[in-house]
Amino acid sequence: MKIETVRVTEFSYPSRRATDAAGHSHPGPLTQARLAMMTITTDDGHQGHAFGPCEVIRPHVLDAFVRKVLIGRHPYMREALWDELEHWQRGSAGQLTDRALAVVDQALWDLAGRALGVPVWQLIGGWRDKVPAYGSTMCGDELKGGLSTPDEYAEFACKLVARGYKAIKLHTWMPPVAFAPSVAMDIKACAAVREAVGPDIALMLDGYHNYSRMDALTIGRALEKLQFTWFEEMMNEQSMASYVWLAGQLDIPILGPESLSGKHYARAEWVKAGASDILRAGVPGVGGITPTLKVAHLAESFGMDCEVHGNGAANLAVCAAIRNGRWYERGLLHPFLDYDEVPAYLRRLADPMDADGFVHLSQAPGLGEDIDFDHIAAHTLR
Ligand SMILES: O=C(O)[C@H](O)[C@@H](O)[C@@H](O)C(=O)NO
Ligand SMILES: [Mg+2]
């Protein structure tokens, strides 16, 4: 079995999700969004598919790096293929990103699962076949009836509890919102949600990502009084020393790093330094399922939990495969959007959640995404 082709299909689908200047998503007008699907095909006809941003797996990335490494190679040699691509990152002038490695790695895992007739979550671990989800809100906004006030967060939190969530993570207000960042508003939103949902719902805060140590300490102490479960990405994660300091000041678990580059290597340094109490990695952010598993197993070896960053089939597969991650991050959620609406390019949700807050893993071979190839063919851009 050898890899014969690596193709990317760019296509459109309707979406009501917009992105602000800081890259945070919010509800927006109905538009045609663009997405890319990578398809790896072997000489004996097996295929693996994975989705990613068009820019991340654009033609230059495929021609200059991905095809040169993959074509002619055995698709199950994931560790070797990932290692070679990682080495090529250094000389790529920043063009070969961790997110590109992540799409390749996911497509290789999907190919293996489809070829072997086994779901990826069982191939990589097989710890549980359903995962409790937390509702991860979108960042705060200035939309009336949206997430513009502490009371609106509280109202939305009650709706999420009614939907079945047993845990809720608040992403609060960040620039370019006019009044953000605001220590006072963050604390008010957390207090309003705790008051509304009561003591039995787990709550987490993932607010503004660049507070000072003292502002972060003020918020952390308030969260301790509100019995929050963890405090996430409150300072610039490139300052590991700040996290070491804050983790030493607070009892509430500090979770991270999320957006820090450096894959499993940087996260090993955080464990060694005691910069966080709960480790974090997401498939897109650290370069694939393969390195995400390394982070989770690293954490396990130190008696730490590793909470997987983000939603989607690959992150869900990791959540079902590791013994030291509590939740699946289901989101991002907003009062104006129906998260349970199936995207046009799929035939079913990748992460269906029951009324008790559990997301059930697909038994389908591969990553488990039920791809609507007819939609992709009919809406192909190139
Ligand atoms: O910063 C973002 O783009 C979003 O908050 C995103 O990363 C969100 O999924 C998150 O922070 N989860 O923890
Ligand atoms: Mg986060």
Are more than 12 heavy atoms from other residues, nucleotides or ligands located less than 6.0 Å from atom CE of Met1? yes

Ile201 and Tyr165: which non-hydrogen atoms are nearest, and at how many Å? CD1-O, 3.9 Å

Step through the shown structure and confirm whether more than 12 heavy atoms of other residues, nucleotides or ligands are within 6.0 Å of CZ on Arg99. no

Answer yes or no: does atom CD of Gln32 have more than 12 heavy-atom neighbours from other residues, nucleotides or ligands under 6.0 Å? yes

Over 12 non-hydrogen atoms of neighbours within 6.0 angstrom of CD in Gln249: yes

Hey, does the Lys NZ or Arg CZ of Lys169 hover above the aromatic six-ring of Tyr134, less than 6.0 Å from the centre and inside 45° of the axis? no

Between Gly146 and His334, which heavy-atom pair has the shortest distance, and what is it? CA-CE1, 3.7 Å

Among residues at least two apart in sequence or on other chains, which ones pass ring pair (Phe, Tyr, Trp, His ring centres under 6.0 Å) with Phe156? none

Asp186 vs Tyr208, side chain to side chain donor-acceptor pair (under 3.5 Å): CA-CA, chis, key distance, verdict: CA-CA 9 Å; Asp186 283 356; Tyr208 178 58; over 6 Å; no

Please check if the number of heavy atoms outside Arg348 that lie under 6.0 Å from its CZ is greater than 12. yes

Are the side chain of Tyr211 and the backbone of Ser182 linked by a donor-acceptor contact shorter than 3.5 Å? yes

Please step through ring pair (Phe, Tyr, Trp, His ring centres under 6.0 Å) for the pair Trp173 and Phe179, ending with a clear verdict. CA-CA 8 Å; Trp173 298 276; Phe179 58 80; 5.4 Å; yes

What distance do Thr218 atom OG1 and Met234 atom CE have between them, rounded to the nearest 0.5 Å? 12.5 Å

Counting only heavy atoms not in Arg16 (residues, nucleotides, ligands), do more than 12 fall under 6.0 Å from its CZ? no

